[in-house]
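Here is the structure we will look at, set down as structure tokens.
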Amino acid sequence: MNKLTSRIDKERLLLGIAAPLLAVVAALVVTALVILSTGKDPFAAFSDMVTYGSASDSQVYILNKATTYYLAGVAVAIGFRMNLFNIGVDGQYRLAAFIAAVLGGALTLPGFIAIPLIILCAMGVGALWAAIAGILKVTRGVSEVIATIMLNSIATAVIGYFLQPERLGELQQGGTLVSTKPLPEGSWFFTVDAGPAGTVWGFIVVAVIVGLAYWFVLGRTRFGFDLRTVGQSESAASASGVSVKRMVATSMLISGAVAGLIGMPTLLNDSHQFDNSFPVGIGFTGIAIALLGRNHPVGIALGALLWGYLERTTNHLEMQGYDKEILGVIQGVIVLCVVIAYEVVRRYGLMRQQHRVGAELAAQAAAPAQAPAAASTENQEVAK
Amino acid sequence: MHALCGENGAGKSTLMKILYGMQKPDEGTITVDGAQVSFHNPADAIACGIGMVHQHFMLADNLTVLENVVLGAEKLYGIGAKARKKINEISDAYGLNVRPDALVEQLGVADRQRVEILKVLYRGARTLILDEPTAVLVPQEVDALFDNLRELKSEGLTVIFISHKLGEVLHVADEITVIRRGTTVGNADPKTTTTKQLAELMVGSELPSPETRESTVTDVPMLTVKGLRVAETGVTPVPKESPKDAYGHEGAQVGRLLLDDVDFTIHKGEVLGIAGVEGNGQTELIEVLMGMTTPDAGVITLDGADITKAPVRRRREGGIGYIPEDRHRHGLLLESPLWENRVLGHVTERPNSKGGLIDIKAARADTERIVREYDVRTPGIDVTAASLSGGNQQKLIVGREMSHHPKLLIAAHPTRGVDVGAQAQIWDQIREARRDGLAVLLISADLDELIGLSDTLRVMFRGRLVADADPATITPEELGSAMTGAATGHLEAPTDPEHAKDAAR
């Protein structure tokens with residue numbers, strides 16, 4: 001069927017790739033200029049990034065980082081598909097990880113029961129924390145942006161309050177670090193030994209499952225269709241029978257539940273306890289990654305890997321005498337460029353398609369004037 | 001006064017956009033007053049004395065007429081007494097009858113349109129472009145508008161007038177240009193041309209008529225509505241004795257009845273037409289029937305079942321088809337492919353889904369069937385809905401709704417912005433379904449469509465059904481006067497004032 005349809009699809013794909021590529025290239029150019037302005041050689045920096053980034057221990061590091069980032073990207077993307085801006089992913093995952101760590105430390109059950117319990121607990125806490133914002137939005141019309149930002153601060157305060165020796169925390173051997181009770185070794189998640197390069201966190205499997213589920217639910221189920229409908233047009237959704245309020249609340253819950261998973265790779269595979277050195281700010285990284293990946297499960301994965309790569313390689317640059325702020329510059333510019341490039345490419349694509357359809361129809365309309373019989377078969381072909 | 005006619009998608013709007021500097025031509029020239037010009041933006045066009053009155057008014061509701069007029073043109077006459085004087089001057093000169101200090105939100109549609117015209121004149125326009133100016137007016141208001149336009153013409157101004165309504169065009173224009181598929185196909189002299197000839201010129205075929213021939217009305221009620229009442233939405237009605245709560249709301253607006261004791265019954269095979277100037281409760285009526293708004297009082301019964309409290313989805317599954325008033329807002333996902341738009345609104349029904357899963361294959365196949373059977377002109381079902389023309393989008397919506405064999409079809413302006421060819425098709429489909437026992441609630445601003453398609457007519461005014469009429473005998477003029485609230489009760493062809501009063505009590 002239809003050379004035209006396939007052509008449009010191919011073109012859509014091309015346009016889809018064009019935007020992030022454009023953004024990354026623009027970011028590299030800007031970064032090069034910044035490095036140049038500090039009086040150093042940008043190309044030496046880039047080549048160092050390439051060689052260092054392709055080392056096997058770097059790859060393990062990047063994969064592990066990307067696991068966390070991927071979950072964060074998906075959590076944010078679920079909101080984005082709904083036109084919800086869940087900035088609260090940050091607070092959701094930290095609170096979830098903290099409470100899950102407390103639970104995990106207290107449990108003495110065998111791993112195959114304890115690990116699912118810990119993960120479910122984290123998802124539940126994340127969902128509940130997000131639900132507060134969801135309920136406020138649905139019942140009182142409070143912007144989820146404002147609500148989640150404030151909930152982030154509240155989460156910080158709550159963790160700070162409970163993470164003290166006489167409450168849910170305990171003083172570590174050295175006496176300088178307060179953490180939750182460490183998880184028993186039986187509750188650790190499996191890792192894959194990659195020899196001298198380090199170990200790959202087993203949680204990457206969960207991340208992949210989450211990605212698959214995200215793709216399946218959004219693309220293949222009625223629920224996903226409703227969710228996307230609300231994201232595209234609330235008025236059309238409510239006219240077509242989707243309860244917008246219920247959808248907002250539900251997707252906030254799901255987004256929060258996935259956000260609860262973000263801390264799990266670190267907790268179950270790496271730190272095995274929650275303390276003040278637990279990574280912060282990943283929720284915001286997730287926003288950037290979801291934007292970069294166009295809310296697409298594969299796109300988010302690429303974005304997460306890119307983020308891990310940049311972090312790993314710019315860290316190394318610092319040791320080579322470059323400024324460590326380079327990382328911030330590259331990431332910031334990428335996000336800015338991505339937002340601009342997507343909008344430009346989207347508008348261009350839509351316009352192009354309209355022109356194309358118009359031209360095709362004009363050609364079709366002109367045909368029957370000369371040869372009605374031929375045109376009708378052609379029409380049928382198009383219809384197929 | 002120059003009229004421009006053409007089917008939808010013929011290029012009228014594009015041409016107007018070019019004339020007003022909103023779009024740039026690839027080729028060709030524009031000559032104003034003998035001088036060749038090129039516009040980069042509307043400001044250039046305004047500087048050349050071209051003004052545009054858009055179909056959808058561009059007014060700020062919460063500002064006064066004066067403020068709206070000077071907005072963006074503060075440099076001309078300031079924003080104070082001088083501007084007011086100028087406005088009064090223009091208003092008097094052309095008989096526009098505009099009060100500079102009235103709030104725009106308090107003005108009716110016709111008044112708003114006059115404000116738009118004044119706005120354009122205030123900026124010194126010598127050439128006025130009016131994009132379908134009569135679409136929102138009742139016949140009496142149309143006459144008043146034409147009087148204004150004649151006034152402008154006699155003062156030496158040029159008016160370009162776009163309209164679908166051929167009768168009006170012939171009535172008012174001095175010259176007519178017909179365009180089709182982007183090119184001028186002919187000029188017509190209004191003195192010698194008939195509507196039929198003009199229509200044939202436009203589409204190259206005969207003018208369709210919305211007339212329903214034989215009656216198919218049965219006595220089985222399909223939809224019964226009793227005592228429906230809806231108060232002002234947006235703010236929860238606040239009891240008057242708590243002024244603290246009412247702070248910030250517009251006190252007078254709270255609790256205003258948008259629908260007031262609406263009663264009607266539609267039988268199987270009946271088309272009930274509701275006439276009325278837009279904004280008199282039609283939108284609210286549709287929203288209540290669809291379940292998007294909960295009525296404050298009243299009972300809705302569909303095919304014997306009380307659906308007053310049923311959610312939208314259940315109503316849709318229960319057999320309500322919906323052709324929305326604003327298809328872009330309520331009927332389509334513009335950036336989604338056609339097949340996803342086919343699923344929209346019927347996601348729980350076959351062939352779109354099985355269990356909780358979307359049946360992509362079946363949905364796509366059925367979309368192709370709709371495209372074929374309802375003659376949706378598209379190169380394929382993977383293009384986005386936004387890339388289709390308005391008429392084809394509408395055909396897709398009609399096809400989608402009809403595919404689920406509704407018991408009741410709510411059709412709001414089903415042929416608005418649809419070209420003549422598609423119009424006839426949509427009318428045919430409604431008529432055909434009606435023969436099979438479909439009940440139709442038709443809401444339209446096109447009085448010919450209403451009279452031609454309906455079996456029963458009701459007139460809606462300020463949220464009430466104030467009059468009813470027999471479509472076989474009523475004329476658009478009579479209907480028009482009832483729409484402005486001038487007549488109530490049962491409308492008869494030779495209006496009998498005694499009888500009308502009696503019926504209205």
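Here is how names work: the chains are called A, B, and so on, in the same order as the sequence lines, proteins then strands, and each is numbered from 1. Any value given below was found using the heavy atoms of this structure, including those in side chains, with hydrogens, waters and symmetry copies removed.
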Looking at every heavy atom in both A:Ser240 and B:Val312, which two are closest together, and how far apart are they?
C-CG1, 4.3 Å

Considering only heavy atoms, which portion of [X] lies under 4.5 Å from any heavy atom of chain A: side chain, backbone, both, or neither?
{"X": "B:Val343", "result": "both"}
{"X": "B:Glu317", "result": "neither"}
{"X": "B:Ile360", "result": "side chain"}
{"X": "B:Ser336", "result": "both"}

Report the distance from atom CG of B:Leu334 to atom OG of A:Ser233, rounding to the nearest 0.5 Å.
7.5 Å

B:Asp359 CG to A:Arg220 CZ distance, which is reported to the nearest 0.5 Å
10.5 Å

Quick one: which of A:Ser238, A:Ala237, A:Ala239 has the most heavy-atom pairs under 4.5 Å with chain B, could you say?
A:Ala239

So if I take each residue of residues 393-403 of chain B and look for any heavy atom under 4.5 Å from a heavy atom in chain A, which residues do I end up with?
none

If only atom types and distance count, is the side chain of A:Ser235 paired as donor or acceptor with the main-chain N or O of B:Arg329 below 3.5 Å?
yes

Does a salt bridge link A:Asp226 with B:Arg313, judged by any charged N lying under 4.0 Å from a carboxylate O?
yes

Measure the shortest side-chain to side-chain distance between B:Leu357 and A:Arg222 over non-hydrogen atoms and say whether it is less than 4.5 angstrom.
no

Which answer fits A:Val242, side chain, backbone, both or neither, if we ask what part of it has an atom under 4.5 Å from a heavy atom of chain B?
both

Identify the residue among B:Leu344, B:Leu332, B:Leu333 that makes a side-chain contact (heavy atoms from CB on, under 4.5 Å) with A:Gln232.
B:Leu333

